[in-house]
Amino acid sequence: MSNPNVAKSKLDELKGVDFNRRYHEDRPLRPIPAGRDHFSEQWRASREFLFGMWIDVDIEAEPSDFTRKYDDMFWQADENIMPVVDLFEREGGHVIRPLFEKALTKGIGSVPNAPAELVEFFEDLTKTPEWFDRDAAERGRVLVTTSTLSAVRASLGWGLYETAMTSDISSTTGATGRFQTQGVRRYIETLRMFAMAIKPDVFDPTSDEFQTMVRVRLMHALASRGLRKAWGDDYYLKNGEPI
């Protein structure tokens, strides 16, 4: 029988920023959530069909810094924008969204008495991380834009398949109801976003491309918070971050 005090302490740990890494980057890496650990077995038949004639699909990769960080990310929310989500919940979207849009399109300085959460987020948004290599990013962008039609079609097909079939993505997108109510619009918006993401101006904060990416980021953060509330802490403890 489980100890209710231990369960409660785990749930308490999930509440607030301490569970994530924004202020605790030195915390030990977390194992993959138990609810996602069955993913490999679900796709075994597909792996055998696609790659079985060349490799042993049952051989598992040895744990490494990369795989451990990847497993840990299943618990990780977009922490830098979560205070903005708190602001939306506290003040209401009808109040904060116009301020967000004005700060996004005209700069945070254009918002008189801007809430601290918006100020912090937009200051962070315009910083260039130390790890960012603009030349490497540009080379990647050019490679994507010069891909063959077959490669583009394969990527789009796989993206569609993953969205509809994988347990993590399909459960999230399905729970938001957009498959049922706005399926065509959702796919058009997704294609438009990826088309904008490979344009040269995507790195320019004043461009429509950059601003669209930020709006998508906000949308994902709002959906993440909503799904976590709807599904509850027990689901979160088993499956990790919804988005």
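Remember, it's a predicted structure, so these values are computed and weren't measured experimentally.
Taking the six-membered ring where tryptophan is involved, the planes of Tyr235 and Trp231 are tilted, since the angle between them lies from 30° to 60°.
A 4.5 Å side-chain heavy-atom check between Arg30 and Phe74 finds every atom pair outside the cut-off. Inter-residue side-chain proximity for Phe121 and Ile81 is flagged as met; some heavy-atom pair is nearer than 4.5 Å. Contact check for Asp78 versus His220: no side-chain heavy atoms found under the 4.5 Å cut-off. A heavy-atom distance below 4.5 Å is found between the side chains of Val214 and Phe100. No side-chain heavy atom of Glu117 sits less than 4.5 Å from a side-chain heavy atom of Glu91. A 4.5 Å side-chain heavy-atom check between Glu241 and Met73 finds every atom pair outside the cut-off. For the pair Phe203 and Thr128, the minimum side-chain heavy-atom distance is 4.5 Å or more. Leu87 is listed as a side-chain neighbour of Leu118, based on a closest heavy-atom distance under 4.5 Å.
Taking OG1 of Thr190 as the reference point, atom CZ of Arg185 lies at 11.5 Å (rounded to 0.5 Å). Atom CG of residue Leu227 and atom CG of residue Asn239 lie 12.0 Å apart, to the nearest 0.5 angstrom. The CE atom of Met53 lies 9.5 Å from the CD atom of Glu48; values are rounded to the nearest 0.5 Å. Atoms CD1 and CG, on Ile108 and Leu99 in that order, are 8.5 Å from each other to the nearest 0.5 Å. To the nearest 0.5 Å, the span separating CG on Leu191 from CG on Leu156 amounts to 6.0 Å. Separating the CE atom in Met219 from the OG1 atom in Thr212 is a distance of 11.5 Å, to the nearest 0.5 Å.
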side-chain contact (heavy atoms from CB on, under 4.5 Å) between Glu120 and Val84, worked out: CA-CA 9 Å; Glu120 183 180 4; Val84 177; over 6 Å; no
Working note: Val216 + Glu189, criterion side-chain contact (heavy atoms from CB on, under 4.5 Å); need CA distance, chi angles, decisive distance, verdict. CA-CA 10 Å; Val216 171; Glu189 288 176 347; over 6 Å; no
Checking salt bridge (Lys or Arg N to Asp or Glu O under 4.0 Å) for the pair Glu123/Lys127: CA distance, chi angles, key distance, verdict? CA-CA 7 Å; Glu123 286 180 348; Lys127 292 178 182 176; 5.8 Å; no
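Taking the side chain to side chain donor-acceptor pair (under 3.5 Å) definition, one finds that Asp86 meets it with Arg225, sequence neighbours left out. Arg192 meets the side chain to side chain donor-acceptor pair (under 3.5 Å) test with no other residue; sequence neighbours excluded.
Nearest heavy atoms, Asn80 versus Asp124: ND2-OD2, 3.2 Å. Considering every non-hydrogen atom in both Pro112 and Ser110, the closest pair reads CD-O, 3.3 Å. The heavy-atom pair separating Met213 from Met196 by the smallest distance is CE-CB, 3.9 Å. Residues Ser224 and Pro242 approach most closely at O-CG, 3.9 Å, considering heavy atoms. Between Met82 and Ala77, the closest heavy-atom pair is CE-CB, 3.9 Å. Residues Arg68 and Pro63 come closest through the heavy atom pair NH2-CB, 3.7 Å.
The cluster map of Ile, Leu, Val, Met, Phe, Trp and Tyr, joined by side-chain heavy atoms under 4.5 Å apart, puts Leu104 and Val119 in the same cluster. Residues Trp54 and Phe49 fall within the same hydrophobic cluster, defined by Ile, Leu, Val, Met, Phe, Trp and Tyr side chains chained together at heavy-atom separations under 4.5 Å. Note on Leu29: it does not cluster hydrophobically with Ile32, by side-chain heavy-atom contacts below 4.5 Å among ILVMFWY residues. Residues Trp131 and Leu125 do not share a hydrophobic cluster, defined by chaining ILVMFWY side chains whose heavy atoms lie under 4.5 Å apart. Both Val95 and Phe88 are part of a single hydrophobic cluster, where members link through side-chain heavy atoms under 4.5 Å apart.
Counting non-hydrogen atoms of neighbouring residues, nucleotides and ligands closer than 6.0 angstrom, the CZ atom of Phe66 reaches no more than 12 such neighbours. Within 6.0 Å of CZ in Arg153 there are 12 or fewer heavy atoms belonging to other residues, nucleotides or ligands.
A donor-acceptor pair is defined here as one N or O able to donate and one able to accept, closer than 3.5 Å; no such pair exists between the side chain of Trp75 and the backbone of Leu237. Formation of a donor-acceptor pair under 3.5 Å by the Thr126 side chain with backbone atoms of Phe122 is found in this model.
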